[in-house]
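Step one of this worksheet: look at the structure below.
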Amino acid sequence: MKIRVLGSGAGGGFPQWNCNCHNCHRIRHNEMNGTARTQSSIAVSTDNRNWLLFNTSPDIRAQLEAFPAIQPKNGIRDTGIKAIMLIDSQIDHTTGMLMLREGKPLDVYCTEMVRQDLTSGFPLFNMLKDYCTVNHHPVPTDGGSFTIPGIDDLRFYTQALKSKAPPYSPHRYDPHDGDNIGVIIEQISTGKKAFYSPGLGEIEPHVMAAMQAVDCVMVDGTFWTDDEMAAQGISQKRAREIGHLPQSGEGGMIEVLNGIGKKRKILIHINNTNPILDDDSTERHTLTAAGIEVAYDGMEIDL
Ligand code: MLT
Ligand code: MN
Ligand code: ZN
């Protein structure tokens, strides 16, 4: 399978429009060794023509223009996007659906909880009824598997995990199974597997088992420290409080990734405040020494 990173940044992207933090300032002024990043999304295919899109970022238009393999090929209107899977209902993962309104009905795979958010607090599905329309396909929250018509040779296993529903959601402080999921993507013919979870707040036993079982993990790389935003005077919100396990420290993502054996380990959904965005930072060197990669826009993973 081929995995294309369409957007490797967290909500806001990098640089963020109104942010003058150490990273955003330096990337704008060419004072840092690193690259800008759009908001969180990947695409997966086994034939390089028919793609499953994971999440629809507000930056989707530029992401698709930067990726010829997903662009129109046949006829006057066409796309390589055959279906969409949403891992949660966060604004950075869903808003791009509005940008796809000119096309055919969207086949959207997501949990019942995400469907509820997207028909209430952020009623995208309702709005799109008068444009392309949305066909909702429910997905399991217990690790059950399914396939998607038009997406050949891939099988998906979806399981609820602990992160956070969006600030607008009725579930923000009242968690339900399915507010967020992790996905194992398996190529049926080869048995190769990837685990994708850009929002991951807690390593429950089933998450650990999933990470151990696959050939490649692409997991939450939002923050380096729990108090990263407070330390820079941006917000009092702590990483764990908003559903993101920080990388450093005891029980942090680096420690977790050290315990899952040898495989490709990739951090994705990187917040603009995170020092790992600087390729020359000591934090980035720490990751490299641990065999952990940092996703970038346009990165392609062949499994
Ligand atoms: C998150 O991942 O926590 C959210 O996308 C943040 C946001 O919506 O700004
Ligand atoms: Mn996000
Ligand atoms: Zn910033």
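Atom set for the values below is all heavy atoms of this structure, side chains included, hydrogens, waters and symmetry mates excluded. All ligand and atom numbering here is 1-based and tracks the order in the structure.
Look at Glu186 and Lys192 and you find no salt bridge, because none of the NZ, NE, NH1 or NH2 atoms lies under 4.0 Å from a carboxylate O. The residues Asp226 and Arg238 are annotated as salt-bridged, a charged nitrogen and a carboxylate oxygen being separated by less than 4.0 angstrom.
Looking at atom 9 (O) of ligand 1, its nearest protein heavy atom turns out to be Gly11 CA, 4.4 Å. Regarding atom 4 (C) of ligand 1, its nearest protein heavy-atom neighbour is Gln90 OE1, 3.2 Å. When hydrogens are left out, the protein atom nearest atom 2 (O) of ligand 1 is His244 NE2, 3.0 Å; that is the closest non-hydrogen contact.
Listed by atom number, the atoms of ligand 1 under 4.0 Å from His269 heavy atoms are 2 (O). Near Asp92, meaning under 4.0 Å from one of its heavy atoms, ligand 1 places the atoms 5 (O).
For the pair OD1 of Asn272 and SG of Cys19, the angle whose vertex sits at the Zn ion (ligand 3) is 110° to 10 degrees.
Judged by distance alone, the side chain of Gln39 and the main-chain N or O of Gly7 form no donor-acceptor pair under 3.5 Å. Asn23 places a side-chain N or O within 3.5 Å of a backbone atom of Asn274 that can act as its donor or acceptor partner.
Looking at Asn180, Leu86, Ile181 one by one, the single match for side-chain contact (heavy atoms from CB on, under 4.5 Å) with Val114 turns out to be Leu86. For the side-chain contact (heavy atoms from CB on, under 4.5 Å) test with Pro198, the passing option among Met218, Gln90, His269 is His269; the others fail.
Nearest heavy atom pair, residue Ile234 against residue Cys21, reads CD1-CB, 4.2 Å.
Distances from the Mn ion (ligand 2) show that His269 has an N/O/S atom below 2.8 Å. For Cys21, the nearest N, O or S atom to the Zn ion (ligand 3) falls under 2.8 Å.
Take the N/O/S atoms of Asp92: the one nearest the Mn ion (ligand 2) is OD2.
Not a single heavy atom of Lys164 sits closer than 4.0 Å to an atom of ligand 1.
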